[in-house]
Amino acid sequence: MKIEVIEMNGKKGLVLGGGGARGSYEVGVCMALKELGYTFDVVTGVSIGALIGAIVVQDGVDRLVPWISNMRQSSLSNNLFVYPNQYNAKSFIRRDFNEFLEQFMKGGPDVSGLQNEYLKIFDYDAFQNAPVDFACLSFNLNQNKLVAFEKKDMGPEDFVPKLFSSTAYFPAYQLIRIGEDYYADGGYEQTLPVDQCVKMGAEDLVVVDLAEPGEKVAKISTPHIRIRPLMKLHSVLDFEAKDMVPEMREGYFETLKYLDQAPGYLYTFFEEDWKLMQRVEKACLKLLLREGRIGMLTQFNDAMEMVYDYFLHFQPQPLKNKYSDDYIVGRLLEVLGILCNIPMERQYHFKDFLRLILAHFNHFYEDPNKVEYPWRFEAMERKGVQDYVVFFHSALLYFHGSLPPAFDCMKEKFAPCFYVAQAWRVMETTQILLEL
């Protein structure tokens with residue numbers, strides 16, 4: 001793969017936001033950054049971002065991959081949300097804050113499994129001797145304020161509680177006591193430690209933000225590259241490798257797209273496919289113009305919002321890179337991939353991706369009643385959507401691309417399915433071009 005590192009001037013900083021199990025996405029991002037030759041002078045993190053950042057400081061990103069790949073919720077913690085004394089709290093109201101917390105939390109969550117597994121990949125000497133500054137954010141409950149623990153303040157006797165205090169996502173995980181005070185996850189106050197990174201001298205930032213698509217985020221005045229998940233991720237408490245590994249891969253491939261190393265939007269393709277993808281774009285646009293579908297093109301962004309709402313039930317995070325302005329019809333073709341359940345967490349050659357779509361169309365006629373009960377209704381809903389697409393696709397073929405007015409009501413009611421059927425037909429028209 002061709003390496004084109006974006007020029008970063010001044011002291012470079014990496015900011016890793018909080019998000020529990022979604023930190024697997026950050027691991028993928030860090031893998032891609034390392035492969036692309038990015039290095040940093042300062043790393044700051046909150047919650048899971050703190051644990052990942054401390055390993056990045058040691059240049060140990062490769063150790064994070066098996067750590068994520070072997071995760072099981074049952075081996076990391078137990079007694080989640082179990083606080084046996086919570087209903088007896090009234091008897092403690094006249095005592096001090098710490099005594100209340102100690103009594104309330106007896107028998108609560110035990111996260112020693114997480115600590116033990118993490119410490120197997122953590123090298124304290126490498127951490128301290130690395131030429132990279134580090135800080136994690138925690139929230140001091142006794143003093144009701146955000147606190148930064150910097151690497152220089154983490155000794156061999158207290159680095160574990162200071163580091164893990166940033167991950168104390170109460171009530172799912174135990175609060176951490178350091179000295180006379182109790183600490184909680186720094187994400188309660190600030191999920192993105194940008195200010196701390198700048199305070200430590202960073203002038204150019206790579207910010208990994210785990211905020212959900214559509215969620216409002218704070219503006220960052222410091223020069224930066226912000227990387228956010230394009231799609232919704234699993235629960236912050238879902239520490240199962242089967243869900244975390246795909247998200248780690250998504251983080252890797254989406255970073256390539258954010259940094260202009262790969263074309264595509266929700267799916268990721270190879271850079272050498274871009275010329276072919278542009279030929280397909282031009283052929284598809286030419287066909288739509290010839291058939292008088294100019295309205296579909298002038299209102300394309302509005303149409304895509306409708307399509308995403310219908311098929312995904314949310315709007316993916318926008319992506320801006322050197323390819324995006326010239327990648328129009330391809331986004332609609334990608335929806336066919338979604339409809340065919342083609343995984344997003346891998347990189348495809350564009351021809352292979354379209355071949356997969358055409359192969360999946362042969363399964364649209366499977367009977368959902370033959371699916372096992374737990375998935376039957378989901379299969380029926382998906383089959384209904386597929387049938388609408390097949391219906392419009394057949395009509396477009398029958399009427400040579402121009403449906404009579406009798407279809408107007410159905411086109412309006414099921415517009416997303418109509419647009420996807422158009423993409424299917426356009427793709428078939430370009431098969432000769434692609435030699436599929």
In terms of the angle between their ring planes, are Phe122 and Tyr118 parallel, tilted or perpendicular, with boundaries placed at 30° and 60°? tilted
Any side-chain heavy atom of Leu175 within less than 4.5 Å of one from Leu141? yes
Are Arg355 and Phe353 in a cation-pi contact, defined as NZ or CZ under 6.0 Å from the six-membered ring centre and within 45° of the axis? no
Is the ring centre of Phe418 less than 6.0 Å from the ring centre of Phe407? no
With a 4.5 Å heavy-atom cut-off, do Tyr310 and Val307 have their side chains touching? no
We want to know whether Tyr267 and Gln347 form a side-chain donor-acceptor pair, criterion being a heavy-atom distance below 3.5 angstrom. no
With a 6.0 Å cut-off on ring centres, are Tyr183 and Phe149 close enough? yes
Sidechain N-carboxylate O distance under 4.0 Å for Asp273, Lys351: no
Between Arg22 and Leu210 (side chain of the first, backbone of the second, donor and acceptor by atom type, cut-off under 3.5 Å), is there such a pair? no
Can you classify the ring geometry of His393 versus Trp424 as parallel (below 30°), tilted (30 to 60°) or perpendicular (above 60°)? parallel
Ring pair (Phe, Tyr, Trp, His ring centres under 6.0 Å) against Tyr308, all qualifying residues, sequence neighbours excluded: none
Test of ring centre spacing under 6.0 Å for Phe127 and Phe134: yes
Val245 versus Glu240: any side-chain heavy-atom pair under 4.5 Å? no
Glu334 and Tyr327: side chain donor to acceptor below 3.5 Å: yes
For Tyr323, which of Glu271, Gln278, Lys257 qualifies under side chain to side chain donor-acceptor pair (under 3.5 Å)? Glu271
